[in-house]
Undergrad: 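Could you have a look at this structure, given as structure tokens, before my questions?
Values reported hereafter were calculated over all heavy atoms of this structure, with side chains retained and with hydrogens, waters and symmetry mates removed. None of these values were measured; they are calculated from a predicted model.
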Amino acid sequence: MPPAALGLVLAGALCHSAYNLLLKGTGARGLVSVLALLAGSALCAPALLWHPLTAIPPLGWALALSSGVLEFVYFRALTAAYAAGDLSLVYPIARGVAPVLTVPLAALVLGERPSAVGLAGIAVVASGIVAGHIGSLRRLVGAGGDRRAAMLAGLSGLMTACYSLVNKRGVALMPPLVWAALVFPVAAGLVWLSLLRAGGLSRPGGEEPVLRHSLGVGVFMTANYVAVLLAMQRAPVSYVVAVREVSIVLTPILASLILGEPRSGMRLASAAVIFAGVALIALSR
């Protein structure tokens with residue numbers, strides 16, 4: 001994997017962890033998510049001055065719409081999974097399924113052929129994700145509610161793989177900032193309609209700085225998104241999707257340092273495995 005692409009994905013993973021910590025600290029996650037997507041749209045919109053909408057081919061519009069819809073389905077599947085089961089069960093399935101499914105889909109749709117070392121690295125990353133949550137995953141043999149949560153989490157992982165493939169194709173047609181300026185409003189509109197229907201857009205009481213939270217999330221979210229898109233222009237999408245899962249390691253570390261959350265020995269061992277997988281991908285061609 002080219003060093004520039006690896007650096008971009010790792011920087012994006014750090015931004016991903018940062019905006020998730022900000023989201024965790026707000027009681028208005030639905031409202032903040034919509035406002036953050038709109039903030040991201042505004043941050044990327046100036047790129048349209050250099051790449052006007054008339055220069056975007058019809059296929060580009062269709063792909064951007066598809067990406068926005070797929071990211072919305074991802075959002076809905078993940079939130080439904082969290083409603084049906086614990087985070088400790090849903091999170092490893094959603095994050096672990098994505099890199100595994102991206103490999104065959106990228107080979108089928110884009111003709112990508114990762115090297116043996118690259119495939120080994122992807123497998124190690126996915127194994128590290130599962131190993132860090134093995135106790136929670138054992139519950140799948142139990143209640144039906146857990147199985148429903150697992151199926152929804154798997155669907156969110158599939159959507160991650162699918163929108164990643166669409167994004168890879170999209171940034172071959174237009175600059176990443178332009179792509180983000182098209183996709184973010186679609187996703188924001190669909191999420192807003194969904195939350196409005198569910199009554200999840202109410203502002204919390206008290207003095208919570210919703211706008212400040214939204215801007216912070218929007219900045220880090222946009223930085224993560226654009227960094228990943230730039231990496232996709234330089235490396236196979238299957239490598240990019242696998243390496244970005246390093247955010248699974250960074251988020252608990254930052255949560256421990258900033259929020260004082262407890263550390264887990266198993267999670268630290270899982271982190272070592274994930275980093276080993278990333279190292280293999282970095283050495284691949």
Side-chain angles (χ1 to χ4, degrees), residues 1-26 29 32-33 36-37 39-40 43-44 71 74-75 78 87 91-92 94-96 98-99 102 121-122 124-126 128-129 132-133 157 160 163-164 167-168 171 176-177 179-180 183-184 212-264 267-283:
M1 186 175 185
L6 179 63
L8 284 165
V9 180
L10 293 178
L14 184 60
C15 292
H16 183 276
S17 297
Y19 84 70
N20 274 277
L21 287 176
L22 285 173
L23 269 178
K24 185 172 183 178
T26 177
R29 293 183 184 89
V32 168
S33 296
L37 284 166
L43 289 169
C44 297
E71 294 191 32
Y74 158 80
F75 174 82
L78 190 61
L87 182 146
Y91 193 70
R95 305 306 291 183
T102 301
I122 293 168
V124 170
V125 168
I129 296 169
H133 302 79
T160 298
Y163 74 65
S164 296
N167 289 352
K168 170 78 171 180
V171 294
L177 283 173
W179 176 258
V183 173
F184 281 172
R212 190 172 67 190
H213 268 113
S214 301
L215 182 59
V217 172
V219 168
F220 283 118
M221 179 191 67
T222 303
N224 164 60
Y225 194 75
V226 173
V228 169
L229 293 176
L230 288 168
M232 286 181 178
Q233 292 182 319
R234 295 163 170 80
V237 66
S238 51
Y239 292 173
V240 172
V241 171
V243 173
R244 68 182 298 198
E245 302 305 336
V246 77
S247 62
I248 294 173
V249 177
L250 294 175
T251 302
I253 292 174
L254 292 175
S256 176
L257 294 174
I258 298 173
L259 303 178
E261 293 187 357
R263 301 183 187 183
S264 163
R267 298 287 172 83
L268 291 176
S270 167
V273 174
I274 291 172
F275 277 122
V278 171
L280 285 173
I281 295 171
L283 295 171

Undergrad: For the atom pair CH2 (Trp179) and CD (Gln233), what is the distance rounded to the nearest 0.5 Å?
TA: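 That separation rounds to 11.5 Å.
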
Undergrad: Please assess Asn167 against Glu71 for the test side chain to side chain contact (heavy atoms under 4.5 Å, CB included), listing each intermediate value before the final yes or no.
TA: CA-CA 11 Å; Asn167 289 352; Glu71 294 191 32; 3.8 Å; yes

Undergrad: Might you point out which heavy atoms bring Pro176 and Val171 nearest each other, and give the distance in Å?
TA: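 It is CA-CG1, 4.2 Å.
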
Undergrad: Taking all non-hydrogen atoms of both residues into account, name the closest pair between Val217 and Ala36 and its distance.
TA: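 So the two residues come closest at CG1-CB, 3.6 Å.
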
Undergrad: Could you pull out the closest heavy-atom pair between Ala13 and Val246, with the gap in Å?
TA: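 The pair with the smallest heavy-atom distance is CB-CG1, 3.3 Å.
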
Undergrad: For Ala235 versus Pro2, what's the shortest heavy-atom pair and its separation?
TA: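 Residues Ala235 and Pro2, closest heavy atoms: CB-CD, 4.1 Å.
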
Undergrad: Residues two or more places apart in sequence or in another chain: which of them pass side chain to side chain contact (heavy atoms under 4.5 Å, CB included) with Leu280?
TA: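 Residues passing side chain to side chain contact (heavy atoms under 4.5 Å, CB included) with Leu280: Val117, Ala120, Val124.
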
Undergrad: Taking all heavy atoms of Ala242 and all of Ile122, pick out the closest pair and write down the distance.
TA: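 Ala242 and Ile122 have their closest heavy atoms at CB-CG1, 3.8 Å.
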
Undergrad: Kindly indicate, with the supporting measurements, whether the criterion side chain to side chain contact (heavy atoms under 4.5 Å, CB included) is fulfilled by Val9 and Met1.
TA: CA-CA 11 Å; Val9 180; Met1 186 175 185; 3.9 Å; yes

Undergrad: Going by the angle between their ring planes, with limits at 30° and 60°, are Phe184 and Tyr225 parallel, tilted or perpendicular?
TA: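 The arrangement is tilted - the two ring planes meet at 30° to 60°.
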
Undergrad: Using the rule side-chain contact (heavy atoms from CB on, under 4.5 Å), only one of Val237, Val228, Val240 pairs with Ser164; which is it?
TA: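 Of the listed options, the one satisfying the test is Val237.
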
Undergrad: First locate atom CZ of Arg244, then atom OG1 of Thr160, and finally report the distance between them rounded to the nearest 0.5 Å.
TA: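 The distance works out to 7.0 Å.
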
Undergrad: Please report the interatomic distance CG(Leu229) to OG1(Thr222), rounded to the nearest 0.5 Å.
TA: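 Interatomic distance, Leu229 CG to Thr222 OG1, rounded to 0.5 Å: 10.5 Å.
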
Undergrad: Got a sec, which residues hit ring-ring contact (aromatic ring centres under 6.0 Å, His included) with Phe220, two or more places apart in sequence or on another chain?
TA: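 If we apply the ring-ring contact (aromatic ring centres under 6.0 Å, His included) test to Phe220, skipping adjacent residues, there are no hits.
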
Undergrad: Ser214: what forms a side chain to side chain contact (heavy atoms under 4.5 Å, CB included) with it, not counting sequence neighbours?
TA: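 Ser214 satisfies side chain to side chain contact (heavy atoms under 4.5 Å, CB included) with Val32, Leu35, Val210 once adjacent residues are dropped.
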
